[in-house]
Engineer: 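This is the structure I have questions about; it appears just below.
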Amino acid sequence: SVKLFLKASELEVGTAAKKAVMRKALESNPTSVTLWKAAVELEDQEGAKVLLGVAVEKLPHSVEMWLALARLETYENARKCLNQARKALPAERSIWIAAAKLEEFQQHKTDTID
């Protein structure tokens with residue numbers, strides 16, 4: 001059960017032990033957005049990127065996972081990520097909006113540099 005794994009992780013003392021519980025939890029419930037979110041919260045930025053990369057493979061229809069991954073990436077990688085997300089979720093407005101905002105931000109950055 002998702003709640004059981006979350007409670008078990010809470011009861012652990014160190015971060016390494018919490019991560020171990022979450023790895024077991026994700027092995028048992030690889031499609032639980034709640035567990036993925038909890039596991040990502042235990043990671044630094046690089047670890048979070050790795051976990052979110054796996055999460056979007058396991059949960060290709062999770063808008064939340066795609067957007068979280070894109071936010072952690074560089075411009076080029078965020079662009080690739082959002083393009084993959086648009087293929088997986090072509091009718092999802094928030095993915096399209098995030099992609100448009102990314103491009104707008106990048107354009108603004110290059111305008112101010114020139």
Side-chain angles (χ1 to χ4, degrees):
S1 159
V2 171
K3 288 180 183 179
L4 186 64
F5 278 115
L6 291 173
K7 189 64 178 172
S9 175
E10 255 179 56
L11 294 173
E12 292 295 343
V13 177
T15 304
K18 290 176 187 286
K19 287 180 182 182
V21 169
M22 294 313 299
R23 278 194 298 276
K24 282 285 184 203
L26 289 169
E27 285 174 19
S28 298
N29 302 287
T31 58
S32 169
V33 172
T34 303
L35 289 176
W36 282 105
K37 286 168 61 175
V40 167
E41 287 175 9
L42 295 171
E43 298 291 337
D44 61 13
Q45 186 169 344
E46 286 306 310
K49 277 196 244 185
V50 171
L51 268 185
L52 287 166
V54 176
V56 296
E57 289 175 16
K58 303 280 185 193
L59 299 163
H61 299 299
S62 174
V63 174
E64 197 173 1
M65 295 292 119
W66 282 110
L67 293 177
L69 178 57
R71 278 191 295 273
L72 293 177
E73 291 289 3
T74 62
Y75 166 71
E76 285 299 326
N77 288 340
R79 196 172 183 202
K80 290 174 189 171
C81 173
L82 291 171
N83 283 336
Q84 289 177 316
R86 286 191 300 214
K87 287 177 187 164
L89 299 157
E92 182 55 53
R93 287 182 184 158
S94 57
I95 300 288
W96 288 88
I97 290 168
K101 284 181 178 178
L102 177 71
E103 295 301 329
E104 184 179 10
F105 177 75
Q106 183 64 19
Q107 183 61 43
H108 179 70
K109 274 179 53 178
T110 56
D111 285 350
T112 56
I113 292 171
D114 294 338

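Just so you know, these numbers use all the heavy atoms, side chains as well, and skip hydrogens, waters and symmetry mates.
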Engineer: Side chains of residues 20-32: which donor-acceptor pairs under 3.5 Å do they make with residues two or more places apart or in other chains?
Structural biologist:
residue	atom	partner	partner atom	Å
S28	OG	K24	O	3.3
N29	ND2	A25	O	3.4
S32	OG	L35	N	3.1

Engineer: Quick check: closest heavy atoms across K18 and V13, and the distance to 0.1 Å?
Structural biologist: CE-O, 4.1 Å
Engineer: At their closest point, which heavy atom of P60 faces which heavy atom of E57, and how far apart are they?
Structural biologist: CD-O, 3.6 Å
Engineer: Could you tell me which residues satisfy salt bridge (charged side-chain N to carboxylate O under 4.0 Å, His left out) with K7, sequence neighbours excluded, listed by chain and number?
Structural biologist: E10
Engineer: On a heavy-atom basis, which atom in A99 and which in R86 lie closest, and how many Å separate them?
Structural biologist: CB-NH1, 3.3 Å
Engineer: Which atom names give the shortest non-hydrogen contact between A70 and C81, and what distance separates them?
Structural biologist: N-SG, 3.8 Å
Engineer: If you look only at pairs with a residue in residues 88-106, which of them pass as a side chain to side chain donor-acceptor pair (under 3.5 Å), with sequence neighbours excluded?
Structural biologist: Y75-E103, R79-E103, E92-S94
Engineer: So, using side chain to side chain donor-acceptor pair (under 3.5 Å) as the criterion, who are the partners of R71 when residues are at least two apart?
Structural biologist: none
Engineer: Taking all atoms of both residues into account, what is the closest heavy-atom pair of A78 and E73, and its distance?
Structural biologist: N-CB, 3.5 Å
Engineer: Group every Ile, Leu, Val, Met, Phe, Trp and Tyr by side-chain heavy-atom contacts under 4.5 Å, then state whether V2 and V33 land in the same group.
Structural biologist: yes
Engineer: Which heavy-atom pair separates M65 from A55 by the least distance, and what is that distance?
Structural biologist: SD-CB, 3.8 Å
Engineer: Any donor-acceptor pair under 3.5 Å linking the side chain of W36 with the backbone of L52?
Structural biologist: no
Engineer: Membership question, hydrophobic clusters at under 4.5 Å side-chain separation (ILVMFWY): are L82 and V54 in the same one?
Structural biologist: yes
Engineer: Run the side chain to side chain donor-acceptor pair (under 3.5 Å) test against K37 and tell me which residues pass, sequence neighbours left out.
Structural biologist: E64
Engineer: Which value, rounded to the nearest 0.5 Å, describes the distance between L6 atom CG and L11 atom CG?
Structural biologist: 11.0 Å
Engineer: What residues, two or more places apart in sequence or in another chain, satisfy side chain to side chain donor-acceptor pair (under 3.5 Å) together with E46?
Structural biologist: K49
Engineer: Run the salt bridge (charged side-chain N to carboxylate O under 4.0 Å, His left out) test against K19 and tell me which residues pass, sequence neighbours left out.
Structural biologist: E43
Engineer: Report the distance from atom CG of L67 to atom CG of L72, rounding to the nearest 0.5 Å.
Structural biologist: 11.0 Å
